[in-house]
Amino acid sequence: MDKNPPQTGLEKQHMSGGTAKILLAEDNKVSQQIATVMLNSLGYDLDIVCNGEGAVQAFSREDYSLILMDYRMPGINGLEATTRIREMEEAAGISPTPILALTASDDEKTRNACLTAGMDDFLHKPLKKPDLIRKLTHWLQIKECDLRSSREQLAITEASNNREILDGRAIERLRELDQDTGNAILDRTITHFLQQAPKDMSAIREALRRRDRKKLGFLAHNLKYYSATLGANELAHDCRTLEKLSQAGKWEELVELARKMDSSLKPAADALRRILQKHPGLNQETRPYSSQPSREKLLLVDDDPVFRQTTSDVLSVAGYKVLEASHGTEALSMALRHQPDLLLLDAVMENMDGFEVCTRLLKFPSLSDTPVIMVTGLDNNESVEKAYAAGASGFVIKPVNYPLLMQHIRFQLRASQNAKKLKENQEKLLSAQRMAGLGYWRWDSRSDSLEISENLSAMLNLPAEEQQYSLDRYLAHVHSKDRNYLRSAIIATTAGDTMEPFNYRLVVKGRSNITVHQELGMAPNSTQVLLGTVQDITQKQATERRMHQLAYSDELTGLASRTCFYEYMNDTIHSARKHHQKFALLCLDLDGFKDINDSLGHDVGDQLLKAVAQRLQSVVRETDFIARISGDEFFILVNQVHQQRDAEEVASRSLSVINRPVNLASGELRPRCSIGIARYPEDGQDLNSLLKAADSAMYAAKKQGRHRYVFYEKTHTREAEERLRVEQELRRAIELDQLTLHYQPQIDLKNGKMLGVEALIRWQHPERGLVPPGQFIDMAEQIGMIRSIGDWVLRTACHQVASWKESGMQELRMAVNISPLHFNDPSLLPTVEAILADTGLSPSSLELEITENVVQTTENNAGIFQKLRDLGVRISIDDFGTGYSSLSSLKSLPIDCLKIDRVFISNMFADANSAILLRSIVDLAHALGYVVVAEGVEHHQEVEVLQETECDLVQGYLFSRPVTPDQIPPLAQHHFLAVRENKRMVACS
C-alpha cells in the first residue's frame, strides 16, 4: 500500500488536547466549523478533509481513533469512501476503525445504505454536543478495547475455557490497573463480587416478593456494574434487562429472569475464583498515569465501596487529591466544606440520586462553576440528557475505561480553569469598563435590533434585563438637541462614511443628565451591523472645566489668572497692532502689604486681597480687563485709550476705592496702593516690554511717596536696573562681610548718663561709602536675606557688649531691631539662647525692638513674646504711634518698653494735640508698667518737655549720632544733661 499518496483536499488542524485523533470528512464549511468547535472544546486532535477521496488519502497516512463521514459529498461520497477504507483495513489485517455517518436523513433506506457500506453508527445534522459526546464515548471505548496488547491476548488464551462466561479483556484491564496503581485491584474487585453478588441476588428475590420496583431497579443496576466490570457479560445483560423490566412492572417476566440470573451467577463466580487462584500477584514496577503529579482536589461520590476504592487508587496514582463520599447528603456537605476542583458523581444512588445531588450542588454560588462528571451505568439517551439538564459537564459509563476517564478529567479541569480565567478576565474587563465609564451597543440594521451592554444599561439607570432595544428606543434617551445628529451619524456610518468621534448628552431617568463620548464602526465582515462604544465623560468634562478655571482664574479673588492675562494681553497686542489701536496697562501693588501679612497673618492678608479685588472690579469699564498676577500685584488693561486721561481716570478711581476703610477680623484698615502705567505702543510693543515698563513705573510711584500713580518714563527703567544692581551687590556684601554696626546712645533723663545703646546696621560699600539701612533692608527682606542678617546683627551686638564689659565698662543694655520676618522665624528663640550662652551676656541686657505692626497678631506672637520674657530678654515696641496699634491692644502683651516715634516729638510745639497725645502715651505706658523712650530728639526744648512728661529715656542727634564701637567708651563717661548756652549738649557728631 502506498503510504505517501498526494494530499488532495486535506486540511489539517491540530488541536491541543486529547490523545484520540479524529478524521472529519465534511464538505460544508459551516458544518466543519461547528464540528471543529465542539471537538476542540472536548480536547481531541482533529484532521479535516472536504471529500471522500481526501478521507481515503488521509486514512492511508494516519492512524485515526474514529472517523466522522458525511453521507453525501461531491466526487467520492461517504459510502464509497467507507467501502474503500474497509478494504484497506482488511488487506492490512487491522481492526476496523469506527466510522460514524453524518446525515440529515433519518429514513430506513439511508441507514441500510450506510450499514451496508461498513459504517457503524449515525450522527444527525446539525450536530448536538450531547449526542456527539455520547457517540464518541461509546465508540472510543470499543476502539480502546479492540487495541489488544500481547498481555490481553495471553489473558484471552488463558481464559479460553471460560470464553462464554467471562470477557478476558475486562480482566486484563483490571490487571493493568494493578500494575498502574500498585494495588490489588483485581483481587479486591473479584473478592467483592463473590461476597456481594449472592447478597444482591437474595435482595433481588426479596424485592420481587415485595414488588418493590425502585429497590429492584437499584439492585439490578449495581449488580450490572459489578458483572460488567469483571466481564460477566451474560449476567450483566440479564441485570440490564431486569433493570428495564422493573420500571414496567412485568412481574412474571422478572421472576423468570431472576431464576436465569441465579443459574448464570454460579459459573461466573467459579470462573472468577479460578482467576483469583491463578493471579500471579503485583509487579513491583508501577506505571503512574501522570509523571508530574497534580494537586487538584477531586470528590468521588459513589455508594459502592469497591468502585470508590479502585477509582481512588487510580486517581491518587495520577497525582490527584481524592475525597470520598458514599451518598448524596455526605457529598453536599463535603463539597461545601472542601470546595473540590471536580466531582465524579454516581448517577444511581439510594435516597438521593446523582442528578438531584448535581442540581443542588450547582445552586451554591461557591460551587456553581465546579465541573461534574456523571458516572453511570445507564446507557439510554434520556439519562444522558437528564445528566446535562442537571448541570453535569460530562459523563462516563460503567464499567469505567480509566485511561479515557483520566483524559476526560484532565480536559474538564483544563476547561474549568480556562472558564475561571475567562470569567476573571471578563470581571476585570467589566470592572475596568465601569471605572472608565465605558459601555457599548450593537445595532443590526436589518432587524432594527439594538443590544446594549450591562454598563450602558447602568449608565441609563435601567434594569439589567432591559438590554434589547430598537434604534428609536435608544435615541429616546438622547437629549433632543443631540438626537438628530446621532441618528445622522449612524446612518452615514452604515452607508460607508467615516465619522469622527463626537459627544452627546443622555437623559437619565431619576438622575442628572450625562455627557458621553461616542465612537462608531461597522462590525468586522459586515455591512449591516454597527458597533458603538460609549464612554461617560461627565466627570472628565467637570474636571477639565475645573482645571481650566484653576488655570485661567485666580482661586482667591476670582479674577483672571496670570496665564489668562498673558494670553489676553498677547491677543490685545495683536489686535491693536493690526487695527492701529492704543491701550494702557496699569500695574497695581499694595503698599505695606508684606508688613500686614507678616504682622496680622496671611488670613487677614487674604481677606484684604479679596476686598481689593472686589473694589477694582467696580471701577473698571466693561471693555477693560483685570487680573491678579501674584501676591498683592494686580494688572488692569484699559482698552480703547484715546488720550492719557482715560488711563488716569481708571488709576484715580482705583486709588480712591482701595483707600476706603476695610473691616477685617483684626480691626479696621485703610489700604493704600501704588500704580504704574505703561502705554501701547509708546512704552512697549510686546508683552515683556509693557510688563517691565508698568512695573518700573509702579516702583517709581512707591519711591515718590506711595499711594499714587505714575506714568512710565525711560528713567524708570534705569531705576529698575539700579534696584537689580543693588540686589546683586547686597548678596555680595553679605558674602564679603561688608556689613557693620554703629551704636546710638540712649540717655537716662533722670541722671544724664548713658544707660544703653541701639545697634544700627550700616553697609560699608566699597564705592558709595556708608549706606544707611533704609536703602537696603527692604531689599534684604525681598530676597530672603533678612534672617541671616538679623542673626549676624544679634551675635555681633552681643559680642560687642561683652567686649566693652571685658574692657572695664559697666554692662550696657543693647537694643537690637528685629525684622517681622525674623521675629516670626521659629529658630529665633534657640538662636538668642545660643548667643547669650556664648557671650555670657545677661539676658536683661538684651532688648529686642520690633515694629508696632508685629504686635497686632497677638495670637500668633504672644507665645514667642512670653518665651523671650521668660528667658529674661526685654521686648521693646519701636516707632510706636505710626502703625495700627493702640495702648489697649498692648495691655495683654508681655513687653517692657515703648519707643515713641519722632513724629510726636517734632510736632509737639507746632501742634497742641501732639503734645497732649504725647503726655497721654507716657502716662498710660507708665500705668501699664512700660519704660518710655523718645526717639529723634534734636532740640533742648524737646528735652525740657520730655522731662516734664516724665519720659524715661531719650536718644537723638542732640546727644549723639550713631557711632563706631570704639567711640562708645568715652561717651559712657559723659554727663549728657550739662547745659551749654546755644550749643549742643555733646560735641560728638
Side-chain angles (χ1 to χ4, degrees), residues 177 181 183 185 188-189 192 196 214 218 221-222 225-226 229 288-290 293-378 383 386-400 402 404-420 423-424:
L177 289 178
T181 64
N183 294 310
I185 291 176
R188 191 166 58 237
T189 305
H192 176 74
Q196 188 65 33
K214 183 177 180 181
F218 174 74
H221 179 82
N222 282 350
Y225 161 64
Y226 305 148
T229 300
Y289 285 101
S290 174
S294 167
R295 296 312 300 165
E296 284 96 341
K297 192 187 304 177
L298 309 185
L299 176 58
L300 173 61
V301 186
D302 201 292
D303 57 0
D304 177 18
V306 174
F307 175 77
R308 291 201 310 273
Q309 183 64 53
T310 301
T311 307
S312 178
D313 289 343
V314 173
L315 296 176
S316 298
V317 169
Y320 297 109
K321 183 177 181 181
V322 183
L323 306 172
E324 297 181 30
S326 60
H327 53 80
T329 304
E330 184 183 16
L332 292 174
S333 175
M334 292 188 69
L336 284 170
R337 187 164 66 252
H338 296 287
Q339 298 291 311
D341 298 299
L342 180 141
L343 275 83
L344 283 173
L345 181 59
D346 186 18
V348 179
M349 295 183 292
E350 284 193 290
N351 299 325
M352 187 189 306
D353 63 23
F355 306 113
E356 185 177 353
V357 173
C358 186
T359 301
R360 290 190 183 185
L361 182 112
L362 297 179
K363 287 183 178 179
F364 294 106
S366 61
L367 299 170
S368 60
D369 296 324
T370 305
V372 176
I373 297 178
M374 200 74 78
V375 182
T376 176
L378 304 173
S383 299
K386 191 174 180 180
Y388 283 116
S393 307
F395 68 94
V396 294
I397 297 174
K398 291 180 179 179
V400 172
Y402 284 102
L404 192 60
L405 175 63
M406 292 297 101
Q407 177 185 343
H408 202 22
I409 288 173
R410 286 193 294 270
F411 166 74
Q412 290 294 345
L413 288 173
R414 185 169 63 248
S416 175
Q417 291 169 356
N418 291 339
K420 287 179 180 178
K423 187 175 182 179
E424 289 176 2

_On a heavy-atom basis, which atom in M349 and which in G328 lie closest, and how many Å separate them?_
CE-N, 4.3 Å
*CG on L345 to OG on S393, rounded to 0.5 Å*: 11.0 Å
*Gap between atom OH of Y320 and atom CZ of R410 - 0.5 Å precision*: 6.0 Å
*More than 12 heavy atoms of other residues, nucleotides or ligands under 6.0 Å from NZ of K297: is that the case?*
yes
*Note, M406 side chain near L315 side chain (heavy atom, < 4.5 Å)*: yes
*How long is the span from the OG atom in S368 to the CG atom in L361, to the nearest 0.5 Å?*
9.5 Å
*So which of L344, L300, V301, L343 actually passes side-chain contact (heavy atoms from CB on, under 4.5 Å) with V375?*
L344
*How many angstroms lie between CE in M334 and CD in E324, if you round to the nearest 0.5 Å?*
8.5 Å
*In this structure, which one of T311, L342, L323 forms a side-chain contact (heavy atoms from CB on, under 4.5 Å) with L298?*
L342
*Looking only at non-hydrogen atoms, find the nearest pair between A331 and L299 and report the distance.*
O-CD2, 3.7 Å
*Over all atoms of both residues, closest heavy-atom pair of M352 and V357*: SD-CG2, 3.4 Å
*Atom of A325, atom of R308 and distance for their closest heavy-atom approach*: O-CD, 3.6 Å
*Can you find a heavy atom in the side chain of R360 that is under 4.5 Å from one in the side chain of L332?*
yes
*Taking all atoms of both residues into account, what is the closest heavy-atom pair of P340 and T370, and its distance?*
O-CG2, 3.6 Å
*Report yes if some heavy atom in the side chain of Y388 is under 4.5 Å from a heavy atom in the side chain of M374; otherwise report no.*
no
*List the atom of C358, the atom of A392, and the distance in Å for their closest heavy-atom pair.*
SG-N, 3.7 Å
